Amino acid sequence: MIRKLSDQYMNEDRDLAPYAIHNLATEGRRHREEPHPFRTDFQRDRDRILHSRSFRRLEYKTQVFLNGTGDHLRTRLTHTIEVAAICRTIARALYLNEDLSETIALAHDLGHTPFGHSGERALNALMKDHGGFDHNLQALRVVDELEQKYPEFDGLNLTWEVRNGLIKHRSKGAELDGRKLPPMPFIEAQIADVADDLTYYGHDVDDGLDAGLITEEMLGELEIWQMAVEKTKSRTVRGSRERLRAFTIRCLIDMMVGNVILTSDTRIEAAKLASADDAQNLRHRVIAFEPEFEKKTLALRKFLYGNVYFCDSVNKVNEDAVEKMRSLFRKYQKNSSLMMGRFAKARIAKVGLERSIADYIAGMTDRFAALEYERCCR
Ligand code: MG
């Protein structure tokens with residue numbers, strides 16, 4: 001017995017809420033393709049991302065701690081996988097399209113530079129007079145132009161919905177293919193957004209503790225951590241300090257996910273959504289933390305910024321790495337033939353020298369950027 005595509009569509013009709021994005025309602029791809037016999041459009045998009053080179057390179061890109069400095073610390077790849085898993089949980093609980101939400105999550109960090117946030121800032125500064133650099137827009141460039149897997153076109157030819165979902169910030173009137181986008185992302189994209197935040201809150205506490213940058217005593221000042229400790233205590237008092245700590249982080253993440261699901265359900269109900277479009281034209285997002293709880297998450301975020309992301313030890317290592325990236329950029333500016341393969345002449349003719357360099361550098365893993373520095377700048 002084979003599950004046909006039509007059966008999958010029928011399941012979606014039965015299982016998903018009316019305001020979820022259904023595969024049959026997709027606005028399609030830029031280049032027309034025949035349907036696949038076994039996979040829906042969003043499933044194909046997910047697989048295209050998983051099979052892309054940019055996705056595999058996430059393994060060697062810094063999330064917070066310089067890639068390669070600890071075997072248990074998150075990389076962009078493990079961060080991405082965690083976000084995708086949390087997206088599925090939230091989307092499933094709310095009768096929304098899991099495949100679509102997961103796909104957006106898997107692609108959401110494809111545009112990140114090597115060396116984490118310091119890398120992005122540096123590239124944005126280098127591109128100041130050439131249109132700047134933003135990792136969200138870069139993710140779209142990756143899937144639309146930079147991946148080369150098909151004979152007929154550049155990019156992965158993803159559906160409109162996945163591409164649209166990668167444009168997170170709508171404040172300045174965002175556009176895609178010349179079409180003005182509604183004020184809010186659709187719900188599955190909102191899930192990916194919140195899941196991204198709560199995932200890194202959780203895992204950066206874990207990594208920060210692991211790396212010795214923060215302690216449980218320091219975290220004790222935060223209400224949200226106190227709540228997670230209480231949950232742990234209510235479940236167990238046994239176990240080594242390490243196990244209890246791991247379990248507290250588990251409770252922290254679970255609490256945040258649970259809060260998003262319950263709050264979003266209420267907000268969806270209150271908004272009386274009848275279609276996917278309705279959610280995009282509201283003045284607020286429906287996928288959100290409960291406001292009082294959100295304040296607690298923001299206090300945690302502030303704590304992480306001060307004590308982990310921009311603490312001296314992380315900064316110092318990342319800064320040294322980023323300085324190499326800057327030298328590399330300038331070296332390519334002087335001698336573009338040092339850039340390899342397809343980033344050379346044709347790209348420069350198409351998008352200009354600086355944008356070609358930014359695309360090339362943004363795609364690099366930490367270690368490749370370091371090797372390129374040795375090859376070109378020493
Ligand atoms: Mg992320």
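The basis for the numbers below is simple: all heavy atoms, side chains too, and nothing from hydrogens, waters or symmetry mates. Predicted model, so just to flag it, every value in this text is computed and none were measured. Position 1 is the first residue of the sequence, and the numbers go up from there. All ligand and atom numbering here is 1-based and tracks the order in the structure.
- Under the 4.0 Å criterion applied to side-chain N and carboxylate O atoms, Arg46 and Glu98 are not assigned as salt-bridge partners.
- Taking 2.8 Å as the limit, the number of protein N, O or S atoms around the Mg ion (ligand 1) is 4.
- Counting all heavy atoms, side chain and backbone alike, Lys295 lies closest to Glu292 at NZ-OE2, 2.8 Å.
- Using a 4.5 Å heavy-atom threshold, the side chains of Ser54 and Leu146 count as separate.
- Side-chain atoms of Glu372 and Tyr332 form a donor-acceptor pair, as typed in the model, at a separation below 3.5 Å.
- Checked against His79 for a side-chain hydrogen bond (donor to acceptor under 3.5 Å, both in side chains), the options His203, Lys61, Arg74 give a single hit: His203.
- Atom CZ in Phe186 sits 4.5 Å away from atom CD1 in Ile21 (nearest 0.5 Å).
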